**Student:** 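Shown below is the structure under consideration.
Since the structure is predicted, the reported quantities are computational estimates derived from the model, not experimental observations. Chain letters run A, B, ... following the sequence lines, proteins first and then strands; every chain starts at 1.
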2 protein chains.
Amino acid sequence: MKFEKVALIGCGLMGGSFALAAREAGWAQHIVGYSASASSRQKALSMGVIDAAEDSIAQAVQGADLVLLAVPVTATNACFEAIAPALRSDALLMEVGSTKSDIVAAALNTLGDKLHCFVPVHPIAGKEVAGVEHADADLYKDRALIMTPMASSGASQVQLAKQIWQSLGSFITELSPAAHDAAFAAVSHMPHVLAYALIRGIFQQKNGADLIALGGPGFRDFSRIAASDPVVWRDILTTNREQVLLQIAHFKDALEEFENAIEAKHPKALEDMIRQASDLRFKWRIGANQTPKA
Amino acid sequence: MKFEKVALIGCGLMGGSFALAAREAGWAQHIVGYSASASSRQKALSMGVIDAAEDSIAQAVQGADLVLLAVPVTATNACFEAIAPALRSDALLMEVGSTKSDIVAAALNTLGDKLHCFVPVHPIAGKEVAGVEHADADLYKDRALIMTPMASSGASQVQLAKQIWQSLGSFITELSPAAHDAAFAAVSHMPHVLAYALIRGIFQQKNGADLIALGGPGFRDFSRIAASDPVVWRDILTTNREQVLLQIAHFKDALEEFENAIEAKHPKALEDMIRQASDLRFKWRIGANQTPKA
């Protein structure tokens with residue numbers, strides 16, 4: 001596997017980490033980058049993350065055999081429109097956002113006769129800090145990657161996409177876009193909402209700042225995800241609105257069961273519910289359902 | 001500071017770690033231990049955590065100048081009753097549970113003319129695993145310790161208690177028992193309830209096991225506390241019932257604001273709320289309100 005020209009659309013944490021990892025893996029001969037912000041492009045260039053910074057999406061994509069789109073989800077549609085006319089018909093185009101149904105709809109609307117080039121993916125990796133300065137060649141290593149190929153995705157593109165992420169050390173799971181969005185509403189989007197709501201609920205109390213200052217290691221780990229980028233998470237929650245609302249409803253039912261058991265002083269019921277959750281969490285292992293790379 | 005005989009009532013993770021740390025700090029000449037379970041006592045003895053295992057609380061406490069009570073909160077009352085008659089009048093008695101108002105009430109009811117010996121504390125430290133086999137001499141190092149002295153606590157006992165925990169590397173904050181329980185309902189008990197309820201809410205869905213298997217690093221850290229000991233957490237939530245229910249109410253208000261902003265497709269309101277929580281969490285540092293040891 002070799003790519004002559006890799007084009008990065010979006011030179012942030014996710015795109016920058018992909019470029020660094022690709023360079024280490026040895027299959028990227030030349031990496032060019034485009035970012036909406038000129039200063040981000042220059043930063044990526046001066047850090048050696050990309051070999052050249054381009055002034056437009058069309059220039060970056062021209063002649064590339066691999067294009068990675070790593071921009072906030074609200075920018076995806078416009079980027080697809082700019083990518084499509086410039087894209088080689090045999091190229092592989094991937095996009096790495098945290099929601100997938102909306103991305104698939106955008107691709108259907110915009111990619112036209114280049115639709116077969118496109119394979120949507122979601123690497124389950126990230127940091128609470130944004131920007132290429134935090135890019136990390138090992139970000140995708142030993143991490144799950146969800147691939148949500150479309151019926152229209154070319155067989156060779158899907159095959160190449162798998163090889164690429166396996167070469168970066170990711171474990172690949174295939175899901176439909178809808179199944180992806182339902183699952184991640186539960187295990188990713190909900191924990192964010194709950195961490196935000198906990199902090200808001202505490203801070204709105206008159207001594208909220210004093211209370212939060214007393215948090216220990218449990219609070220630290222529980223709320224770590226609340227520090228993630230607000231624009232990215234606004235977009236994820238609005239984009240995946242229906243699934244998130246469904247999960248909020250499931251959560252509220254479960255919370256009410258705990259509230260009732262505490263209120264009714266029913267220690268046996270409370271212990272049983274805690275024990276079930278505790279056993280499940282104790283046995284849980286990250287990536288336990290994923291097979292290591294072939 | 002020197003203690004001739006340290007008595008550990010409860011040879012589990014918390015008590016065992018205290019014994020190991022005390023030994024390292026050099027002020028404990030002889031450490032004896034009692035545990036309700038004979039096998040725990042023997043394990044602590046064979047691991048060298050204690051120098052002698054005693055068959056009763058009275059035997060362990062007899063002649064001790066320092067007694068540490070580290071048992072599940074529901075056992076505290078009975079332990080106090082057994083400790084009081086055997087306790088030296090000049091001894092320091094500490095108890096390390098996660099709730100304090102109930103412990104103070106139990107002390108008032110049981111300790112009689114030994115009440116001045118008692119100083120309640122809460123080390124903000126722990127693990128998701130129980131038992132002396134996980135004891136760690138560094139468990140309390142660089143950790144907050146909340147001290148909730150009673151009006152009846154002897155001045156010399158309070159002073160000694162401070163010196164002890166400072167010698168183990170803890171940062172001491174003084175709070176009233178009621179303020180302690182209100183604060184920890186918010187920053188510790190609530191995160192546990194939310195982590196339990198998230199897991200329960202997911203697992204009650206028909207494909208719950210498949211969903212949970214897809215969790216990534218965010219889910220891992222958010223739900224880590226859910227694996228904690230079910231009996232300990234049943235006791236904490238029932239003991240601190242009123243404060244926990246109050247915090248659940250605050251949380252539900254905040255969750256509803258998020259739900260409404262998502263439901264109403266109001267991205268600006270949603271972003272503002274996320275940004276506030278994100279800024280607060282980004283600036284938050286564990287123990288930022290505590291001064292390092294003198």
**Student:** Chain B heavy atoms under 4.5 Å from A:L255: which part of the residue, side chain, backbone, both or neither?
**Tutor:**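 Both backbone and side chain of A:L255 come within 4.5 Å of chain B.
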
**Student:** Assess the pair B:W284 and A:F219: is the distance between their ring centroids shorter than 6.0 Å?
**Tutor:**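 Centroid distance B:W284-A:F219: below 6.0 Å, so yes.
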
**Student:** What parts of residues 197-206 of chain A touch chain B if we use heavy atoms and a cut-off under 4.5 Å?
**Tutor:**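 So far as heavy atoms go, A:A197, A:L198, A:I199, A:R200, A:G201, A:I202, A:F203, A:Q204, A:Q205 are the residues that approach chain B to under 4.5 Å.
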
**Student:** With a 6.0 Å cut-off on ring centres, are B:H189 and B:F184 close enough?
**Tutor:**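 Here the rings of B:F184 and B:H189 have centres that are no less than 6.0 Å from each other.
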
**Student:** Non-hydrogen atoms of chain B under 4.5 Å away: do they reach the side chain of A:I248, the backbone, both or neither?
**Tutor:**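 Only the side chain of A:I248 comes within 4.5 Å of chain B.
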
**Student:** Quick check on the interface: out of B:G216, B:A261, B:A186, B:P191, who has the most heavy-atom pairs with chain A under 4.5 Å?
**Tutor:**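 Sorted descending by pairs with chain A, the first entry is B:P191.
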
**Student:** Report which part of A:E242 has an atom under 4.5 Å of a heavy atom belonging to chain B: side chain, backbone, both, or neither.
**Tutor:**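 For A:E242, there is no contact with chain B at all, as no heavy atom is under 4.5 Å.
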
**Student:** Can you tell whether the side chains of A:K268 and A:D272 come within less than 4.0 Å, N to carboxylate O?
**Tutor:**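 Counted as a salt bridge, because a side-chain N and a carboxylate O are separated by less than 4.0 Å.
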
**Student:** Using side chain to side chain donor-acceptor pair (under 3.5 Å) as the criterion, list what pairs up with B:S223, not counting sequence neighbours.
**Tutor:**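 Result, side chain to side chain donor-acceptor pair (under 3.5 Å) vs B:S223: A:R281.
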
**Student:** Once you measure the plane-to-plane angle for B:W165 and B:F18, does it fall in the parallel (<30°), tilted (30-60°) or perpendicular (>60°) bin?
**Tutor:**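 B:W165 and B:F18: tilted rings.
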
**Student:** Less than 4.5 Å to any heavy atom of chain B: does that hold for the side chain of A:Q276, its backbone, both, or neither?
**Tutor:**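 For A:Q276, side-chain heavy atoms alone lie under 4.5 Å from chain B.
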
**Student:** Check whether A:K283 gets within reach of chain B through its side chain, its backbone, both or neither, counting any heavy atom under 4.5 Å.
**Tutor:**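 Contact with chain B involves no heavy atom of A:K283 at all.
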
**Student:** Pick whichever of B:I225, B:L245, B:I124 has the most heavy-atom pairs under 4.5 Å with chain A.
**Tutor:**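 Between B:I225, B:L245, B:I124, the count favours B:L245.
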
**Student:** Please classify the contact between A:L280 and chain B as side chain, backbone, both or neither, with a heavy-atom cut-off of under 4.5 Å.
**Tutor:**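 For A:L280, the side chain is the part near chain B, not the backbone.
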
